[in-house]
2 protein chains.
Amino acid sequence: MVDSGTEKAQVGKVSRPRGRPRSFDRATALEKALMAFWEHGYEATSVSELTSAMGIGAPSLYAAFGDKQALFAEVVREYGVRYGSFGDRALAEEPTARAAVERMLREAAVEYTAPGRPHGCLVIHAATNCTSPEVEGSLRDRRNASIAAFERRMRDDVEAGELPADTDVAALARHTGAIIQGMSQQARDGASREELEALAEIAMAIWPRT
Amino acid sequence: MVDSGTEKAQVGKVSRPRGRPRSFDRATALEKALMAFWEHGYEATSVSELTSAMGIGAPSLYAAFGDKQALFAEVVREYGVRYGSFGDRALAEEPTARAAVERMLREAAVEYTAPGRPHGCLVIHAATNCTSPEVEGSLRDRRNASIAAFERRMRDDVEAGELPADTDVAALARHTGAIIQGMSQQARDGASREELEALAEIAMAIWPRT
DNA sequence: TCTTTTCTGTAGCGACCGCTAGAAAATGAG
DNA sequence: CTCATTTTCTAGCGGTCGCTACAGAAAAGA
């Protein structure tokens, strides 16, 4: 049952696997599950909601993804790649921590209110009020890891002389995290892209004047 | 069954009601329910968890509080009075919007990490990922009402000349809401009072220099 | 005492939860 | 073709959900 999802690629010919072929596309089914979890969270999304959203029966779901928790873990991974990577990209590509945060907040306003998909951030919301400590903890770890990444990037800037030596990088990172989390919450509560952009712009005023 | 909770006070003598007296104190039972909902949220707190936390049987719960949703509504009301009033107090008592927000954030750092009770804010978290739109919406309305109250207080200051005439009060109010919501989230994620206080202090830097 | 009223405890309702056994269907291998 | 393998579909498992019928217990009033 391990590695049940990956199709082993053969040299040259495609050579389909032995038994009855799967009647659905695994990637699109995963995407449907992602949307369902994103919209309603881990516990409030029942397996029957998942199966009907994914267009498959329950046994197919369990055969292809393990169980509900494993499917959610895979959804979270996929979310990180498809929707949650703008922060890492900003941190990696921008020349300064300040520019990275500014771009991150600006992009968050767009991402969190994008039409045609749930608002806000899956990592922030999908495992709140969750009976399983494992699931709740996995997303909490991700949130705290993000703040730690902010702090590392800021500390680099301090060491490079880009930020004042007495900068409280831990608090500055926490502040950035709070803004992101608050923006996500307000996107869920109906705030528009423009409103979040104005919020982000105000939040940038904590940085030393340019 | 309406008004089943309130004991009608008589002039002079106490005159207990007719039938078998209630074996539990309604207020302390409500407080236990409040803690349970605060900790785990609306849906993740089952009726059987509630009954065992409150120390009563299910029929007693339904007789005294209606149903789960009515109990939650009463809990939210009680929470607003007992734990969620520091914001309104700051807005009402402080001379300026800025002083009110500063005090509110400082107090939020304390309230959201107070020992012996759940961290963060019930209004922000207890109805996320909720199957019932009514319950989810009731808390969302409260959150948006808070931001609207911030905005009104700020607009008063603009009209009084306490804030610049071109202040974007809507964005400033949203920013304050985002900080509060982010602080609550991070309190749930394990941040300490000191960390939240440092976050709050940084957030105050968006206001014009004193 | 007896009746009336209200609350308590037991026991269980129907509905949904996550999950799976087992048979039928669809493919490749021989 | 038959056989082995894998997926699909149907049906349903045990468990928990929110909630309640019912009988007995505990009080006031007659």
Angle class for the A:Y42/A:F37 ring planes (parallel below 30°, perpendicular above 60°, tilted otherwise)? parallel
Spacing of [X] atom [atom1] and [Y] atom [atom2] [to the nearest 0.5 Å]:
X	Y	atom1	atom2	value
B:M154	B:D168	CE	CG	10.5 Å
B:R193	B:H119	CZ	NE2	11.5 Å
B:T51	B:M54	OG1	CE	8.5 Å

Nucleotide [N], atom [atom2] - distance to [atom1] of [X] in whole Å:
X	N	atom1	atom2	result
A:F65	C:dC19	CZ	C1'	16 Å
B:I56	C:dT8	CD1	C1'	10 Å
A:D67	C:dC19	CG	P	5 Å
A:E43	D:dT16	CD	P	14 Å
A:R22	C:dG28	CZ	P	16 Å
A:L71	C:dG18	CG	P	11 Å
A:F72	C:dC17	CZ	C1'	18 Å
B:Q69	D:dC17	CD	C1'	15 Å

Please check: side-chain N/O of B:T128 versus main-chain N/O of B:I124, any donor-acceptor pairing under 3.5 Å? no
Taking B:D189's backbone N and O only, do any of them form a donor-acceptor pair with A:R140's side chain (distance below 3.5 Å, no angle check)? no
Summarise how protein sits on nucleotides 11-16 of chain C as a single string, 5' to 3': B when a protein heavy atom is under 4.0 Å from the base, S for sugar-phosphate-only contact, - for no contact. ------
Classify the nucleic acid contact of A:T45 as base, sugar-phosphate or nothing, counting any heavy atom under 4.0 Å across all strands shown. sugar-phosphate
Answer whether the closest heavy-atom distance between the side chains of A:E197 and A:V110 falls below 4.5 Å. yes
Starting at the 5' end of DNA chain C, which residue's closest nucleotide do you reach first, A:R20 or B:L61? B:L61
Indicate whether OP1 or OP2 belonging to C:dC7 is found under 4.0 Å from a side-chain N or O atom of B:S23. no
With a 4.0 Å cutoff (strictly under), does any side-chain N or O of A:Y62 reach OP1 or OP2 of C:dC19? yes
Nearest-nucleotide comparison on DNA chain D, the residue closer to the 5′ end among B:K68 and A:R18: A:R18
